[in-house]
Amino acid sequence: MESAASEILIDGAPFFRLYKDGRIKRLSGTENVPPGLDPKTNVESKDVLYSQEIAQSVRIYVPGTVVTSAQKLPLLVYFHGGGFCIESAFSPTYHNYLNALVAEAKIVAVSVNYRRSPEHPLPAAYDDSWTALKWVASHYIGTGPEQWLNHYVDFANVYLSGDSAGANISHHLAVKITNEKLDGMNLVGIILNHPFFWGKEPVGDEVKKPAIREKMDGIWRLAYPTTSGSDDPWINPIDDQSFGRFLGCKRVLVCVAEKDVMRHRGWYYCEKLKNSEWGGEVEMMEAQGEDHVFHLNKPNCPNAVAMLKKVAEFINQVTKRRRASGGQSKL
């Protein structure tokens with residue numbers, strides 16, 4: 001008989017396999033690349049420890065023009081995807097994406113690494129991401145431990161973003177900011193790329209096949225073994241009665257892909273947000289003919305280039321409004 005050590009409990013190929021003895025074999029997102037100067041974009045990056053207790057770091061990116069500019073730049077805090085189980089802030093996928101985005105938008109970016117399931121089940125990733133955000137905010141008066149953040153960041157112009165699971169994290173931190181204020185940091189908006197939201201019942205034309213829905217449920221339970229299920233507010237915040245009321249920003253961009261199984265949740269999020277007590281501006285972008293996180297897998301395709309430009313434009317709208325109004329802009 002096959003031993004428990006070699007029996008597969010969840011076959012998440014081509015991403016991971018979880019065995020009955022609790023081991024996980026990650027099949028993708030395992031490669032890391034070092035920080036440094038990217039010759040293609042002239043963006044420079046470095047890794048900085050944000051918590052000794054959990055031994056986790058961020059990768060900080062600055063555009064090559066930053067050293068010659070007297071003006072401080074918008075800040076994007078980014079959370080990687082991977083179903084809370086794979087990938088990292090140091091993978092070539094995210095390193096290349098953030099180099100390109102920082103160069104296009106002329107911003108500073110902080111890419112957050114967090115502990116992953118199943119070794120560290122949720123809410124570990126949420127807790128780590130909040131710890132990282134607090135560490136970033138500690139630089140607002142210019143006396144924090146990291147000089148790039150002290151010198152180059154406009155803390156009145158901050159955005160959160162992520163793809164898939166990272167988009168889920170971004171939403172929840174934007175809510176948490178309302179309840180636990182971060183001194184000196186003004187969250188202007190969030191950018192949710194192909195967000196990982198789900199629910200027990202299908203919405204709109206969302207897939208109804210039991211096998212697919214069970215697989216999605218299984219991925220969520222792997223990430224959060226003690227969850228109440230697919231209507232847990234962590235994975236389905238949209239159906240919460242207080243949805244939108246406590247979102248700590250006034251601008252939201254949601255990007256979805258036509259062939260993505262989670263596409264309908266992105267549209268549902270926007271519709272519910274517009275009809276909530278929130279009162280901010282929400283924008284949608286849908287890429288036709290594309291699937292989940294296509295912009296990371298095919299960064300040079302026309303739809304990925306258009307999406308990158310849209311995100312950069314969204315971030316820089318407030319700066320443009322501020323300049324047009326002589327330096328004053330309502331965020």
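Here the structure is a predicted model, which is why all the values come from computation and not from measurement. The residues of the chain are indexed from 1 along the displayed sequence.
- In summary, the side chains of Tyr50 and Asp128 do not present any donor paired with an acceptor at a separation below 3.5 Å, with no hydrogens or angles considered.
- Hydrophobic clustering places Trp234 together with Val203 (ILVMFWY residues linked when any side-chain heavy atoms are closer than 4.5 Å, directly or through intermediates).
- Using modelled atom types, no side-chain atom of Asp154 and backbone atom of Pro74 make a donor-acceptor pair closer than 3.5 Å.
- A distance below 6.0 Å separates the ring centres of Phe84 and Tyr126.
- The shortest non-hydrogen separation linking Leu98 to Ala109 is CD2-CB, 4.2 Å.
- By the rule that hydrophobic residues join a cluster once side-chain heavy atoms approach within less than 4.5 Å of another member, Met216 and Trp267 end up as members of one cluster.
- Atoms NE2 and CG, from His172 and Leu160 in turn, are 13.0 Å apart once rounded to the nearest 0.5 Å.
- For Ser138 (side chain) and Gly144 (main-chain N/O), no donor-acceptor pair under 3.5 Å exists by modelled atom type.
- By the neighbour-count criterion of 12 heavy atoms within 6.0 Å, atom CD of Gln52 is sparsely surrounded, having that number or fewer from other residues, nucleotides or ligands.
- Side-chain contact between Leu173 and Phe79: present, with at least one pair of heavy atoms (C-beta onward) separated by less than 4.5 Å.
- Residues Ser276 and Leu273 approach most closely at OG-O, 2.8 Å, considering heavy atoms.
- In this model, a donor atom of one side chain and an acceptor atom of the other lie less than 3.5 Å apart for Asp217 and Ser230.
- Checked by atom type and distance alone, the side chain of Ser117 pairs as donor or acceptor with a backbone atom of Ala223 at under 3.5 Å.
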Side chain to side chain contact (heavy atoms under 4.5 Å, CB included) between Val112 and Tyr78, intermediate numbers included: CA-CA 6 Å; Val112 177; Tyr78 193 89; over 6 Å; no
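- Under a cut-off of 6.0 angstrom, the local environment of NZ in Lys209 is sparse, with at most 12 non-hydrogen atoms contributed by other residues, nucleotides or ligands.
- Side chain of Asp260 to main chain of Val293: no donor-acceptor pair is present (N/O by atom type, distance under 3.5 Å, no hydrogens or angles).
- One side chain, Asp239 or Tyr268, offers a donor N or O that lies under 3.5 Å from an acceptor on the other.
- Between Phe246 and Trp278, the ring centre distance reaches or exceeds 6.0 Å.
- Here the OH-CG distance, from Tyr140 to Leu75, works out to 15.5 Å after rounding to the nearest 0.5 Å.
- With respect to Glu290 and Lys298, a salt bridge is recorded, a charged nitrogen being found less than 4.0 Å from a carboxylate O.
- Within a 6.0 Å radius of CG in Asp205, other residues, nucleotides and ligands contribute 12 heavy atoms or fewer.
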Audit row: Val48, Ile60, side chain to side chain contact (heavy atoms under 4.5 Å, CB included) steps and yes/no: CA-CA 8 Å; Val48 181; Ile60 307 174; 3.9 Å; yes
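- At most 12 non-hydrogen atoms from other residues, nucleotides or ligands lie less than 6.0 angstrom from NZ of Lys215.
- Atom-to-atom distance recorded for Glu277:CD and Leu247:CG is 13.0 Å, nearest 0.5 angstrom.
- Atom CG of residue Leu27 and atom CZ of residue Arg17 lie 5.0 Å apart, to the nearest 0.5 angstrom.
- For the residue pair Asn113/Ser57, the side-chain donor-acceptor check at 3.5 Å is not satisfied.
- Across Thr30, Asp11, Ile86, a single residue satisfies side-chain contact (heavy atoms from CB on, under 4.5 Å) together with Phe16, and that is Ile86.
- Judged purely by atom type and a 3.5 angstrom limit, Asn186 uses its side chain to pair as donor or acceptor with the backbone of Ala156.
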Intermediate values then yes/no, side chain to side chain contact (heavy atoms under 4.5 Å, CB included), Lys250 and Glu281: CA-CA 6 Å; Lys250 287 300 181 184; Glu281 302 173 17; over 6 Å; no
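- Classification of the His139-Trp135 ring pair by plane angle, with boundaries at 30° and 60°, yields perpendicular.
- Between Phe197 and His171, the ring planes lie perpendicular to each other; the angle is over 60°, past the 30° to 60° tilted range.
- Figure legend: Arg251 and Phe314 shown as a cation-pi pair, the cationic atom lying under 6.0 angstrom from the six-membered ring centre and within 45 degrees of its axis.
- The distance from the CD atom of Glu283 to the SG atom of Cys255 is 9.5 Å, given to the nearest 0.5 Å.
- The same ILVMFWY cluster, assembled from side-chain heavy atoms under 4.5 Å apart, contains both Met284 and Ile190.
- Contact annotation: the side chain of Ile107 never approaches that of Pro63 to less than 4.5 Å [non-hydrogen atoms, C-beta and beyond].
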Stepwise side-chain hydrogen bond (donor to acceptor under 3.5 Å, both in side chains) test for Asn32 and Ser91: CA-CA 4 Å; Asn32 290 337; Ser91 78; over 6 Å; no
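- Residue Arg263 forms a side chain to side chain donor-acceptor pair (under 3.5 Å) with just one option from His194, Glu258, Glu286, and that option is Glu286.
- No side-chain N or O of Asn96 forms a donor-acceptor pair with one of Asn99 less than 3.5 Å apart.
- A donor-acceptor pair is defined here as one N or O able to donate and one able to accept, closer than 3.5 Å; such a pair exists between the side chain of Asp231 and the backbone of Lys200.
- When all heavy atoms of Ala165 and Gly83 are compared, the closest pair comes out as CB-N, 3.8 Å.
- Between Tyr114 and His80, the ring-plane angle classifies as parallel under the 30° and 60° cut-offs.
- Under a 4.0 Å N-O distance rule, the pair Glu87/Arg116 does not qualify as a salt bridge.
- The shortest heavy-atom contact between Arg213 and Val207 is NH1-O, 2.8 Å.
- Residues Val158 and Met185 come closest through the heavy atom pair CG2-CG, 3.9 Å.
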Candidate pair Asn193 and Ser161, rule side chain to side chain contact (heavy atoms under 4.5 Å, CB included), full reasoning: CA-CA 8 Å; Asn193 298 330; Ser161 183; 4.0 Å; yes
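- A cation-pi contact, defined as under 6.0 Å to the ring centre and within 45° of the axis, links Arg265 to Trp198.
- Trp130 is connected to Phe196 through a chain of hydrophobic side-chain contacts under 4.5 Å among Ile, Leu, Val, Met, Phe, Trp and Tyr, so both are in one cluster.
- Looking only at distances, a side-chain donor or acceptor of Asn275 sits under 3.5 Å from a matching main-chain atom of Glu271.
- Distance check, rounded to the nearest 0.5 Å: NZ of Lys20 to CD1 of Ile8 gives 10.5 Å.
- For the pair Leu192 and Leu253, the minimum side-chain heavy-atom distance is 4.5 Å or more.
- Among all heavy-atom pairs drawn from Leu76 and Ile315, the shortest one is CD1-CD1, 4.3 Å.
- Leu18 has its side chain within reach of Leu222: a pair of non-hydrogen atoms, C-beta onward, lies under 4.5 Å apart.
- Residues Tyr224 and Trp220 bring their aromatic ring centres within 6.0 Å.
- At a threshold of 4.0 Å, the pair Asp38-Lys40 does not count as salt-bridged, since none of the basic side-chain nitrogens sits closer than that to a carboxylate oxygen.
- Side chain of Tyr152 to backbone of Gln147: no donor-acceptor contact under 3.5 angstrom is found.
- Ile212 and Val256 fall within a single hydrophobic cluster, where Ile, Leu, Val, Met, Phe, Trp and Tyr are joined by side-chain heavy atoms under 4.5 Å apart, directly or via other members.
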